[in-house]
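The model shown is predicted, which means the values in this text are computed figures rather than measured ones. As the structure lists them, so they are numbered: ligands from 1, and atoms in each ligand from 1.
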Amino acid sequence: MPNTMNFLYSLCFLCFSISLFPSFSSPAILFQGFNWASSDKGGLYNSLKNSIPDLADAGITHVWLPPPSHSAADAPQGYLPGRLYDLNASKYGTQEELKSLIAALREKGIKAIADIVINHRSAERLDQRGFSIFEGGTPDSRLDWNATFICKGDRFSDGTGNPDTGDDWWGAPDVDHVNPQVQRELSDWMNWLKTEIGFEGWRFDLVKGYASGFTKFYMEQTKPDFAVGELWNNITYGQDGKAELNQDAHRATLVYWVEAAGGAVTAFDFTTKGILGIAVNGELLRLKDANGKPPGMIGTKPKNAVTFIDNHDTWSQRQWPFPDDSDKIVLGYVYILTHPGHPTIFYDHYLEWGGNLKAPLKNLAAIRTRNGINAESSVNILAAEADLYMAEIDNKVIMKIGPKGFPGNLLPPNAQRAYSGKDFAVWEKK
Ligand SMILES: *[C@@H]1O[C@H](CO)[C@@H](O)[C@H](O)[C@H]1NC(C)=O
Ligand SMILES: *[C@@H]1O[C@H](CO)[C@@H](O)[C@H](O)[C@H]1NC(C)=O
Ligand SMILES: *[C@@H]1O[C@H](CO)[C@@H](O)[C@H](O)[C@H]1NC(C)=O
């Protein structure tokens with residue numbers, strides 16, 4: 001980023017932080033509106049529209065939609081975008097169908113989040129030398145780039161771009177975000193997604209691929225209502241092949257990225273995801289860190305943490321799935337829907353798995369909404385043992401997961417059971 005811009009941003013830091021970014025501390029429940037197979041089925045935008053009453057029932061405030069643009073033929077899911085302004089070539093539906101879905105969501109007070117894939121871009125074709133040629137999909141030649149817009153060292157670059165500021169990605173040419181034209185044209189495109197299509201927030205794909213300062217820049221240029229970054233690292237394992245109890249370094253990486261990206265963006269809480277998936281199998285003691293707090297990012301910077309159980313990668317592609325047992329998945333949701341952070345409900349769990357999960361998710365979300373549990377709610381851990389985890393949230397809600405009974409003195413006399421099921425219960429204080 002040019003120095004003049006850095007200077008401008010530091011000058012304007014106060015006004016940005018005060019006026020441009022609304023606080024995310026109002027209760028938010030995200031919904032991931034797709035899985036890896038959604039592009040095969042086609043018609044996602046139209047089918048989601050039919051599910052809006054269901055989404056509203058669960059108190060969902062934001063729906064994360066898949067990457068909207070044209071994508072390489074072998075990547076119909078959208079993660080190898082090419083013509084960014086071409087939203088008609090998507091397997092999920094046309095630009096008009098997308099706009100209509102977003103408008104219908106908005107009528108119910110639900111905001112749409114676009115999946116922003118800007119680490120890399122797939123070329124329209126190659127020039128004689130084998131270097132990338134891009135087309136933006138616009139008549140005015142915006143985003144019509146050539147190999148000079150690709151990071152130096154990438155095999156599709158002609159070597160005149162700047163070095164990559166993050167990890168190289170093997171799957172497609174890595175975009176040179178240091179290039180001012182890239183910065184300007186990507187910001188314009190995101191603002192077009194806002195004003196023309198109706199998106200109100202972003203899910204930044206693969207943020208390890210470029211420096212955090214660029215996320216900060218795009219946040220400042222586009223002022224989303226809500227934004228979350230995918231910074232995916234594996235949790236730490238010991239010599240014995242078991243995940244370490246202490247995952248402080250893992251969550252610290254997420255917090256560091258959020259702060260370096262300007263502090264307004266949130267991050268998926270991969271720490272909580274990893275720990276929770278192990279904990280529900282008889283290791284609930286993992287849910288308390290050395291300071292007596294939740295061990296994930298929600299234990300240190302909950303306001304910027306987006307919790308989730310599974311997504312289109314971890315579950316659909318079995319890259320890091322939660323235990324394949326709907327009873328265990330419900331325990332995961334009992335945890336994230338009663339705890340701080342911004343919880344995400346995954347498409348499969350709510351719209352595909354039906355009976356086993358739909359009712360629990362609705363009930364748990366209703367408890368969250370009714371009690372005003374939000375990203376910054378307080379957690380008082382009452383018990384964390386192998387087979388029992390019990391916590392009080394905001395001095396209002398008490399929850400318990402795990403097969404073991406709990407000592408009666410942990411439950412205050414004014415607690416009334418609000419909802420319960422196999423190996424869990426949630427109470428509200430009256
Ligand atoms: C996509 O379709 C819409 C509506 O038919 C049209 O306005 C728009 O120009 C199309 N986009 C492209 C890139 O062809
Ligand atoms: C690549 O694009 C840049 C910027 O538009 C331009 O200056 C340059 O001449 C182009 N290079 C080639 C080889 O076409
Ligand atoms: C994380 O690391 C463990 C231990 O090395 C490995 O078994 C596991 O497959 C890794 N998971 C992911 C998602 O990379």
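- The shortest non-hydrogen separation linking H62 to I113 is CB-CD1, 3.7 Å.
- Per-atom contact check: atom 2 (O) of ligand 1 touches the protein, criterion being a heavy-atom distance below 4.0 Å.
- W320 places a side-chain heavy atom less than 4.5 Å from the side chain of N234.
- Protein heavy atoms are found less than 4.0 angstrom from atom 11 (N) of ligand 2.
- At a threshold of 4.5 Å between non-hydrogen side-chain atoms, the residues D188 and R184 count as touching.
- Among all non-hydrogen protein atoms, the one lying nearest atom 8 (C) of ligand 3 is N234 ND2, 3.7 Å.
- Geometrically, K208 does not engage W232 in a cation-pi contact defined by less than 6.0 Å to the ring centre and at most 45° from the axis.
- Here is the list of ligand 3 atoms found below 4.0 Å of a heavy atom in Q319: 13 (C).
- Residues Q32 and F308 fail the side-chain proximity criterion, which asks for heavy atoms closer than 4.5 Å.
- Of all protein heavy atoms, the one closest to atom 7 (O) of ligand 1 is Q95 NE2, 4.5 Å.
- Looking only at heavy atoms of the protein, atom 5 (O) of ligand 1 is closest to E96 CG, 4.6 Å.
- Closest to atom 13 (C) of ligand 2, if we only count protein heavy atoms, is R129 NH2, 4.1 Å.
- With distances taken over non-hydrogen atoms, the option nearest atom 14 (O) of ligand 2 out of D127, D144, I133, N146 is N146.
- For the pair L98 and T94, the minimum side-chain heavy-atom distance is 4.5 Å or more.
- Among all non-hydrogen protein atoms, the one lying nearest atom 6 (C) of ligand 1 is N88 ND2, 4.2 Å.
- Contact atoms of ligand 1 toward G137: 13 (C) (distance under 4.0 Å to a heavy atom of the residue).
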Trace of the salt bridge (charged side-chain N to carboxylate O under 4.0 Å, His left out) decision for K99 with E196: CA-CA 8 Å; K99 282 175 78 167; E196 180 59 31; 2.9 Å; yes
